[in-house]
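To keep things clear, I will list the structure first and then write my remarks on it.
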Amino acid sequence: MKPFEKRGDEIKVLAKSLVWEFMHDASECQPGKEGMRLAQIFKKCGFDWGDYPKTTSSNQQYLVAAILWELKAEGKVERVSESGPWRLV
């Protein structure tokens, strides 16, 4: 594995851990609660760089979206509705 790919993998592991820990700490993300929208999780985890031309804050959320889908595949989180918030299982 190339050094940059290795570092990227390490960053992904850290980012996923941050989201997971944040959701455990947030009362609205607990099982059976209302959940939290992707944009809120993204911002509260500190991933927002602010708006840039053609790279608005909402465009920057894709990493956290991928993390949430990974956690869902692992059976750790669920999406409350089709376009709705996320919470722990």
Side-chain angles (χ1 to χ4, degrees):
M1 180 180 289
K2 296 177 183 170
F4 292 106
E5 291 172 341
K6 185 175 187 282
R7 283 177 57 197
D9 284 345
E10 292 168 355
I11 290 168
K12 287 190 291 187
V13 168
L14 289 170
K16 184 176 168 185
S17 176
L18 175 66
V19 170
W20 177 243
E21 290 175 31
F22 168 75
M23 291 182 77
H24 270 277
D25 193 57
S27 61
E28 56 265 61
C29 292
Q30 300 309 303
K33 296 289 185 161
E34 68 273 9
M36 188 178 287
R37 295 210 173 271
L38 169 66
Q40 292 173 292
I41 295 170
F42 163 75
K43 288 181 181 180
K44 291 185 181 229
C45 285
F47 291 117
D48 190 358
W49 291 73
D51 287 329
Y52 288 98
K54 298 187 181 184
T55 313
T56 63
S57 175
S58 62
N59 294 125
Q60 298 169 30
Q61 297 176 35
Y62 292 119
L63 173 65
V64 175
I67 290 169
L68 289 169
W69 285 107
E70 280 283 314
L71 291 170
K72 183 180 186 313
E74 295 171 6
K76 296 179 177 178
V77 301
E78 66 181 349
R79 199 171 184 189
V80 177
S81 68
E82 184 66 28
S83 63
W86 294 82
R87 66 182 174 205
L88 301 174
V89 174

Note to self: So, using salt bridge (charged side-chain N to carboxylate O under 4.0 Å, His left out) as the criterion, who are the partners of K54 when residues are at least two apart?
What the structure shows: none
Next item on the list: Could you tell me the separation between the CD1 atom of I67 and the CG atom of L18, rounded to the nearest 0.5 Å?
Entry: 8.0 Å
Item checked: Spacing of CG belonging to L71 relative to NZ belonging to K76, to within rounding of 0.5 Å -> 6.5 Å
Notebook entry, point to check: With D51, which residues qualify under salt bridge (charged side-chain N to carboxylate O under 4.0 Å, His left out), at least two apart?
Noted result: none
Checklist line | Shared-cluster residues of F4, by chain and number - hydrophobic side chains joined below 4.5 Å | finding: none
Report, one line per pair, each donor and acceptor closer than 3.5 Å where one atom sits in a side chain of residues 22-36; sequence neighbours left out.
from	atom 1	to	atom 2	distance (Å)
Q30	NE2	M23	O	3.2
Q30	NE2	H24	O	2.9
Q30	NE2	A26	O	2.9

Notebook entry, point to check: Of all residues at least two apart in sequence or in a different chain, which pass the salt bridge (charged side-chain N to carboxylate O under 4.0 Å, His left out) check with E78?
Noted result: R87
Check: Can you tell me how far CG of L68 sits from CG of L38, rounded to the nearest 0.5 angstrom?
Finding: 6.0 Å
Next item on the list: Just grab all the salt bridge (charged side-chain N to carboxylate O under 4.0 Å, His left out) pairs involving residues 15-24, residues at least two apart or on different chains.
Entry: K16-E74
Checklist line | Sequence-distant partners of K44, salt bridge (charged side-chain N to carboxylate O under 4.0 Å, His left out), two or more places apart | finding: none
Next item on the list: Name all residues meeting the side-chain hydrogen bond (donor to acceptor under 3.5 Å, both in side chains) criterion together with K43; count only those two or more places apart in sequence or in a different chain, and write none if there are none.
Entry: none
Margin query: Testing L63, V64, V19 one by one against C45 for a side-chain contact (heavy atoms from CB on, under 4.5 Å), which residue passes?
Written below: V19
Next item on the list: Using atom types as modelled and distance alone, determine if a side-chain donor or acceptor of R79 lies under 3.5 Å from a backbone N or O of K72.
Entry: no
Next item on the list: Considering only Ile, Leu, Val, Met, Phe, Trp and Tyr, and joining two whenever side-chain heavy atoms are under 4.5 Å apart, list the other residues clustered with V80.
Entry: none
Checklist line | Residues which pass side-chain contact (heavy atoms from CB on, under 4.5 Å) with E10, listed by chain and number, not counting sequence neighbours | finding: K6, R7
Check: Does any pair with a residue in residues 40-72 pass ring-ring contact (aromatic ring centres under 6.0 Å, His included), and if so which ones, sequence neighbours excluded?
Finding: W69-W86
Item checked: Partner residues of S57 under the side-chain hydrogen bond (donor to acceptor under 3.5 Å, both in side chains) criterion, sequence neighbours left out -> D48
